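First the structure, in the form of structure tokens, and then the observations on it.
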Amino acid sequence: MFRCKKCGSIDNFGLILSPDYQGAGNISESRNEDDEIIINVDNYEFIPDLGFMNHHAVCKYCGEIKIWEYYFSKFHKK
Ligand SMILES: [Zn+2]
């Protein structure tokens with residue numbers, strides 16, 4: 001999971017594809033059994049790392065980019 005360092009939103013992001021990207025750009029997100037995000041871009045699946053997030057993800061709440069940090073819910077008791 002990823003948290004916005006500016007506003008604290010968790011996993012609330014939209015992805016920006018590179019302008020050079022040639023594919024159709026169909027993006028979907030899902031989760032695996034470890035509650036990790038899996039991103040699917042044109043049927044290519046991967047688990048995003050922090051570097052990917054800070055290059056391609058924008059916070060849907062505050063609009064910031066390059067502000068993500070890892071967030072592990074199991075270490076944060078509610
Ligand atoms: Zn934010």
Side-chain angles (χ1 to χ4, degrees):
M1 301 171 80
F2 299 95
R3 179 168 62 183
C4 173
K5 283 191 273 193
K6 185 174 180 191
C7 73
S9 289
I10 294 167
D11 287 349
N12 186 17
F13 60 85
L15 293 178
I16 311 164
L17 291 175
S18 163
D20 299 329
Y21 182 66
Q22 300 292 319
N26 293 313
I27 300 173
S28 63
E29 294 164 24
S30 55
R31 303 225 174 224
N32 66 14
E33 57 274 15
D34 294 323
D35 206 29
E36 293 172 309
I37 296 174
I38 298 172
I39 293 177
N40 184 312
V41 179
D42 296 338
N43 297 317
Y44 172 70
E45 275 195 340
F46 58 97
I47 295 174
D49 63 15
L50 202 55
F52 175 87
M53 291 294 291
N54 281 330
H55 278 96
H56 296 285
V58 56
C59 177
K60 281 185 182 172
Y61 184 78
C62 70
E64 283 291 322
I65 58 172
K66 301 181 180 176
I67 37 62
W68 301 100
E69 63 185 0
Y70 282 118
Y71 182 83
F72 299 101
S73 59
K74 56 188 162 190
F75 299 138
H76 295 264
K77 294 224 163 53
K78 285 180 182 161

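In this text the structure is predicted, and so the values were computed from the model without any measurement.
Residues Ile37 and Ile67 share a single hydrophobic cluster, defined by chaining ILVMFWY side chains whose heavy atoms lie under 4.5 Å apart. Following chains of ILVMFWY side-chain contacts shorter than 4.5 Å, one can reach Val41 starting from Phe52, so the two form part of one hydrophobic cluster. In terms of hydrophobic clustering, with Ile, Leu, Val, Met, Phe, Trp and Tyr side chains grouped at heavy-atom distances under 4.5 Å, Ile10 and Val58 are assigned to different clusters. Hydrophobic clustering places Ile27 together with Phe46 (ILVMFWY residues linked when any side-chain heavy atoms are closer than 4.5 Å, directly or through intermediates). Two different hydrophobic clusters hold Ile38 and Leu50 under the rule that ILVMFWY side chains link at heavy-atom gaps under 4.5 Å.
Contact record, Cys62 with Cys59: N-SG, 3.4 Å, taken as the closest heavy-atom pair.
Looking at residues two or more places apart in sequence or on another chain, you find a side-chain hydrogen bond (donor to acceptor under 3.5 Å, both in side chains) between Lys6 and Glu64. With sequence neighbours excluded, no residue forms a salt bridge (Lys or Arg N to Asp or Glu O under 4.0 Å) with Glu45. A search for salt bridge (Lys or Arg N to Asp or Glu O under 4.0 Å) contacts involving Lys66 returns nothing, not counting sequence neighbours. Remark: Glu69 pairs with Arg3 by the salt bridge (Lys or Arg N to Asp or Glu O under 4.0 Å) rule, at least two apart or across chains. Asp42 meets the salt bridge (Lys or Arg N to Asp or Glu O under 4.0 Å) test with no other residue; sequence neighbours excluded.
Screening residues 50-59 for side-chain hydrogen bond (donor to acceptor under 3.5 Å, both in side chains), with sequence neighbours left out, gives no hits.
Rounding to the nearest 0.5 Å gives a distance of 8.0 Å between CD of Glu36 and CZ of Phe72. Annotation: the span from Leu15 atom CG to Lys60 atom NZ amounts to 8.5 Å, rounded to 0.5 Å.
With ring centers used as reference points, Phe2 lies under 6.0 Å from Tyr70.
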Applying side chain to side chain contact (heavy atoms under 4.5 Å, CB included), run through Cys4 and Phe13 and close with a yes or a no. CA-CA 9 Å; Cys4 173; Phe13 60 85; over 6 Å; no
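Within 6.0 Å of OH on Tyr61 lie no more than 12 heavy atoms contributed by other residues, nucleotides or ligands.
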